[in-house]
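Read the structure below first, then the notes.
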Amino acid sequence: MLIKLGIIAAILILGGMIFSTEITTLFPSTSALLADSLKDDINTLNEKVTNSAENRLDTSIDKTIQSVSDSVYQGITETGDKLVENVNEKISEGITETGDNIKTQIVKSSESSKEIFTNEVSGFDPFSFIKNLFKIN
């Protein structure tokens with residue numbers, strides 16, 4: 001029985017030695033030592049976690065930048081709109097005041113002209129004007 005176990009062990013060892021390159025090709029991350037295999041698996045897992053974290057961080061930063069950019073754009077737009085509204089309001093007030101001043105000046109000028117015209121016309125005597133024309137000095 002011991003001889004049978006020795007023959008089976010010898011066949012397994014010989015088969016492992018003959019096909020070791022094929023085993024390495026089929027299972028590249030598997031090694032004869034458990035520590036090397038665990039090290040490779042941990043490195044692979046670490047790389048996947050790092051890549052995933054970087055992708056999520058990049059996405060989060062992009063969303064944050066877009067949100068801040070949208071908020072700044074909205075604030076600038078609102079400020080610009082308020083500025084335009086205030087400028088339009090001031091221009092409208094200026095035009096209204098100028099129009100009112102012109103209207104007041106026209107009314108005053110009209111009243112003054114009426115007074116001057118009334119005074120001059122009432123003091124005008126056409127007969128004395130004609131007499132003075134033909135009067136020889």
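Start at 1 with the first residue, then count along the sequence. Predicted, not measured: the structure shown is a model, and the values here were computed from it.
One distance of note links CD of Glu97 with OG of Ser92; it measures 10.0 Å at 0.5 Å rounding. Within the model, atoms CD of Gln74 and OG1 of Thr79 stand 10.0 Å from one another, a figure rounded to the nearest 0.5 Å. Taken from OG1 in Thr96 to CG in Asn101, the straight-line distance is 11.0 Å, to the nearest 0.5 Å. Note that the CG atom of Asn55 and the CG atom of Asp58 stand 6.5 Å from one another [nearest 0.5 Å]. One distance of note links OG1 of Thr64 with CG of Leu57; it measures 9.0 Å at 0.5 Å rounding.
With hydrogens and angles disregarded, a donor-acceptor distance shorter than 3.5 Å links the side chain of Ser71 to the backbone of Ser67. Under the 3.5 Å distance criterion, the side-chain polar atoms of Thr77 are matched with a main-chain donor or acceptor of Tyr73. Without hydrogens or angle criteria, Thr104 side chain to Asp100 main chain gives a donor-acceptor distance under 3.5 Å.
When each of Val87, Asp81, Asn88 is checked for a side chain to side chain contact (heavy atoms under 4.5 Å, CB included) with Val84, only Asn88 meets the rule.
Using a 3.5 Å distance cut-off with no hydrogens or angles, the side chains of Asp70 and Gln66 do pair a donor with an acceptor.
Between Ile7 and Lys4, the closest side-chain pair of non-hydrogen atoms is not below 4.5 Å.
Annotation: Glu47, atom CD; neighbour count of heavy atoms from other residues, nucleotides and ligands within 6.0 Å does not exceed 12.
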